[in-house]
S.K.: 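Sharing a structure with you now.
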Amino acid sequence: MSRRSDWPPVAMSPLYLLAGALLPLTAARFTPDWASLDARPLPAWYDEAKLGIFIHWGVFAVPGFDSEWFWWHWQGQKPPDSRCVKYMADNYPAGFTYQEFAPQFRAQFFDPEEWADIFRASGAKYVVLTAKHHEGFTNWGSPRSWNWNSVDSGPHRDLVGDLGEAVRNRSLHYGLYNSLYEWFNPLYLADKKNGFKTQEFVMHKLLPELYNMVVRYRPEVIWSDGDWEAPDTYWNSTEFLAWLYNDSPVKDTIVTNDRWGAGCACKHGGYYNCEDKYTPGQLPKHKWEKCTSVDTFSWGYRRNMKVKELMPLHTIIQDLVHTVALGGNYLLNVGPTPDGMIPPVFEERLRSVGAWLDINGEAIYASKPWRVQMENSTVPVWYTSKGTSVYAIVTTKPSEATLKLLEPKTTAATKVTLLGHPNPLPWSPVTPSSGIIVLLPELPYTPGQAWTLKLDNIK
């Protein structure tokens with residue numbers, strides 16, 4: 001296939017980094033330093049969305065063993081993981097290479113419309129697909145990943161583009177995960193050997209590929225990863241982000257995370273991930289996101305996963321509520337099979353989250369943290385707020401017919417309702433100055449077994 005006809009000039013050379021300096025200054029521009037970039041306001045859509053779906057999909061789904069780090073555990077780390085070595089010895093001929101898995105990554109049952117329907121049914125407002133994991137295989141026809149991409153090999157299909165179209169047709173935001181480093185890329189290994197004093201990989205692979213990806217697919221999230229071995233100056237992160245925020249086709253809507261170089265996590269970038277499955281102990285001062293996986297052992301597909309190794313629905317709902325109450329977004333991961341199916345147990349989890357949000361989403365979407373995020377008087381209760389309403393989300397079924405909340409301060413106009421229940425609930429103050437006791441109805445079954453009280457006209 002032709003490699004150049006559809007490649008925008010912006011991706012042809014890292015010198016494009018300097019192009020913004022030649023444009024007329026029609027608005028305030030961000031300079032390629034963290035002080036400027038960190039001051040960029042986060043586009044409002046992201047904080048309002050609250051829930052996203054993460055998808056780890058690549059050649060690693062073919063062995064479907066250990067995790068998406070299988071190649072590294074098998075042939076990268078020293079000593080190799082004995083389980084991975086045994087798996088290959090027991091199931092594949094001697095001399096079999098990781099690259100030989102790629103033709104088996106066929107995605108023959110991949111239906112992006114069906115995937116997008118599942119994601120919309122989950123209640124998620126954005127979707128983040130792995131465009132490229134650490135193995136270097138791109139899920140699109142990258143001009144800089146010759147014969148190691150989903151168009152030249154395996155599916156012979158533009159997975160990034162096909163899913164993006166289906167997702168956007170359902171009014172969901174579309175983002176792309178991109179690993180900065182590649183375990184076995186010779187250019188990267190040469191730079192690493194040189195103590196990252198050279199940038200052959202960055203200039204000839206990473207940056208041209210990133211520019212091409214942004215211009216071609218216009219993602220609204222770039223979920224960066226694989227940054228930890230080298231400083232941001234090696235990756236040219238600040239120059240890329242300045243272009244992204246100033247001159248890219250998604251400059252007004254794009255959001256990024258904080259994985260742009262060793263030491264950047266939880267300090268620089270857009271929203272903070274800090275670390276995988278991160279949960280702060282108290283309300284952070286900066287927008288953050290918790291990424292976690294339904295499969296607690298892996299982000300990618302595993303053939304041998306067991307139900308007991310998956311997050312139960314109730315745990316997912318609790319985790320979502322906890323995250324949103326502390327001002328975060330929740331990015332929930334699933335790993336599709338190599339033939340393009342979302343395992344039914346993952347689909348069941350996602351649809352059940354959506355069923356809970358159909359009733360309780362008012363307390364989640366576009367909400368803000370309240371002055372108190374949580375109390376544990378009789379049962380655990382997490383608070384969110386929106387306008388003049390406060391939401392008390394109960395994540396354990398009360399053993400009694402009343403619920404005592406000590407933090408809300410009632411007024412003569414206070415009104416209490418249960419989301420999904422038609423009538424206001426009777427209540428009384430605990431003391432004249434604070435607290436409320438609510439008489440609960442028979443609580444209906446809900447997916448995830450969590451219920452939301454809406455408190456209006458309280459302090």
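The residues of the chain are indexed from 1 along the displayed sequence.
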S.K.: Restricting to non-hydrogen atoms, name the atom on Lys50 and the atom on Gly328 that form the minimum distance, rounded to 0.1 Å.
M.R.: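 Closest approach of Lys50 to Gly328, heavy atoms only: CD-O, 4.2 Å.
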
S.K.: Distance from Arg144 atom CZ to Phe201 atom CZ, nearest 0.5 Å?
M.R.: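 Going from CZ on Arg144 over to CZ on Phe201, the span is 11.5 Å.
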
S.K.: Minimum heavy-atom separation for Trp260 to Gly269, with atom names?
M.R.: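 Closest approach of Trp260 to Gly269: CD1-CA, 4.4 Å.
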
S.K.: Does the ring centre of Trp115 sit less than 6.0 Å away from the ring centre of Phe110?
M.R.: yes

S.K.: Report yes or no: does Asn333 contribute a side-chain atom to a donor-acceptor pair with the main-chain N or O of Ser293 at less than 3.5 Å?
M.R.: no

S.K.: May I ask you to check whether Phe60 and Trp71 place their ring centres under 6.0 Å from each other?
M.R.: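 Aromatic pair excluded; centres sit 6.0 Å or further apart.
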
S.K.: Hey, are Asn360 and Thr452 close enough side-chain-wise for a donor-acceptor pair under 3.5 Å?
M.R.: yes

S.K.: Please round to the nearest 0.5 Å and tell me the distance separating atom CG of Asn257 and atom CG of Asn273.
M.R.: 5.0 Å

S.K.: Could Lys197 and Asp191 be called an ion pair, given the rule that one side-chain N must be under 4.0 Å from one carboxylate O?
M.R.: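 The answer is no: the pair does not qualify as a salt bridge.
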
S.K.: Could you point out which residue of Glu289, Lys287, Glu48 forms a side chain to side chain donor-acceptor pair (under 3.5 Å) with Asn329?
M.R.: Lys287

S.K.: On the six-membered ring of Tyr174, is Arg168 placed so that its NZ or CZ lies under 6.0 angstrom from the centre and within 45° of the ring axis?
M.R.: no

S.K.: Please check if atom CD in Gln108 has more than 12 non-hydrogen atoms from other residues, nucleotides or ligands closer than 6.0 Å.
M.R.: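 For Gln108, atom CD is crowded (more than 12 foreign heavy atoms under 6.0 Å).
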
S.K.: Might you point out which heavy atoms bring Leu313 and Arg349 nearest each other, and give the distance in Å?
M.R.: N-NE, 3.9 Å

S.K.: So does Ala166 get a backbone contact from the side chain of Arg170, meaning a donor-acceptor N/O pair under 3.5 Å?
M.R.: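 Yes, Arg170 side chain to Ala166 backbone: donor-acceptor pair under 3.5 Å.
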
S.K.: Indicate, with yes or no, if the rings of Trp382 and Tyr391 have centres closer together than 6.0 Å.
M.R.: no

S.K.: Could you tell me which residues satisfy salt bridge (Lys or Arg N to Asp or Glu O under 4.0 Å) with Lys267, sequence neighbours excluded, listed by chain and number?
M.R.: none

S.K.: Out of curiosity, Asp319 CG to His322 NE2, how far, rounded to the nearest 0.5 Å?
M.R.: 8.0 Å

S.K.: Would a line drawn from the ring center of Trp74 to the ring center of Tyr87 be shorter than 6.0 Å?
M.R.: no

S.K.: Please find the pair of heavy atoms, one from Phe137 and one from Ser150, that lie closest to each other, and give the distance.
M.R.: CZ-N, 3.4 Å

S.K.: Give, for atom CG of Leu37 and atom CD of Glu239, the distance between the pair rounded to the nearest 0.5 Å.
M.R.: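 Leu37 CG to Glu239 CD: 9.0 Å, rounded to 0.5 Å.
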
S.K.: For the ring pair Trp288 and Tyr272, is the centre-to-centre distance below 6.0 Å?
M.R.: no

S.K.: Taking the six-membered ring of Trp146, is NZ or CZ of Lys205 closer than 6.0 Å to its centre and within 45° of its axis?
M.R.: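 Not flagged: Lys205 not positioned over aromatic ring of Trp146.
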
S.K.: Would you please indicate if the ring centroids of His56 and Tyr301 are separated by under 6.0 Å?
M.R.: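 No, the ring centres sit 6.0 Å or more apart.
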
S.K.: Above 12 or not: heavy atoms from other molecules or residues under 6.0 Å from CZ of Arg351?
M.R.: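 Check passes, neighbour count above 12.
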
S.K.: Any chance the side chains of Tyr188 and Glu229 put a donor and an acceptor closer than 3.5 Å?
M.R.: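 Judged by distance alone, the side chains do pair up.
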
S.K.: Under 3.5 Å, is there a donor-acceptor pair linking the side chains of Ser145 and Asn149?
M.R.: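 Ser145 vs Asn149: no donor-acceptor pair found between side chains.
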
S.K.: Other residues, nucleotides and ligands only: do more than 12 of their heavy atoms fall within 6.0 Å of CD on Gln75?
M.R.: yes

S.K.: May I have all residue pairs that pass disulfide bond (SG atoms under 2.5 Å apart) and include part of residues 233-267, sequence neighbours excluded?
M.R.: Cys266-Cys274

S.K.: May I ask you to check if Lys125 and Tyr365 form a cation-pi contact, with NZ or CZ under 6.0 angstrom from the six-membered ring centre and within 45° of the axis?
M.R.: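 Yes.
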
S.K.: Regarding Thr337 and Asp339, is there a side-chain donor-to-acceptor distance under 3.5 Å anywhere?
M.R.: yes

S.K.: Answer yes if the ring centres of Phe105 and Trp57 are under 6.0 angstrom apart, and no otherwise.
M.R.: yes

S.K.: Run the ring-centre check on Trp69 versus His134 and record whether the distance is less than 6.0 Å.
M.R.: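 Yes, they do, as the ring centres are separated by less than 6.0 Å.
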
S.K.: Are Tyr181 and Trp235 close enough that their ring centers fall under 6.0 Å?
M.R.: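 Judged by ring-centre distance (under 6.0 Å), Tyr181 and Trp235 do not meet the cut-off.
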
S.K.: Have Gln318 and His314 got a donor and an acceptor in their side chains that come within less than 3.5 Å?
M.R.: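 Yes, a side-chain donor-acceptor pair sits under 3.5 Å.
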
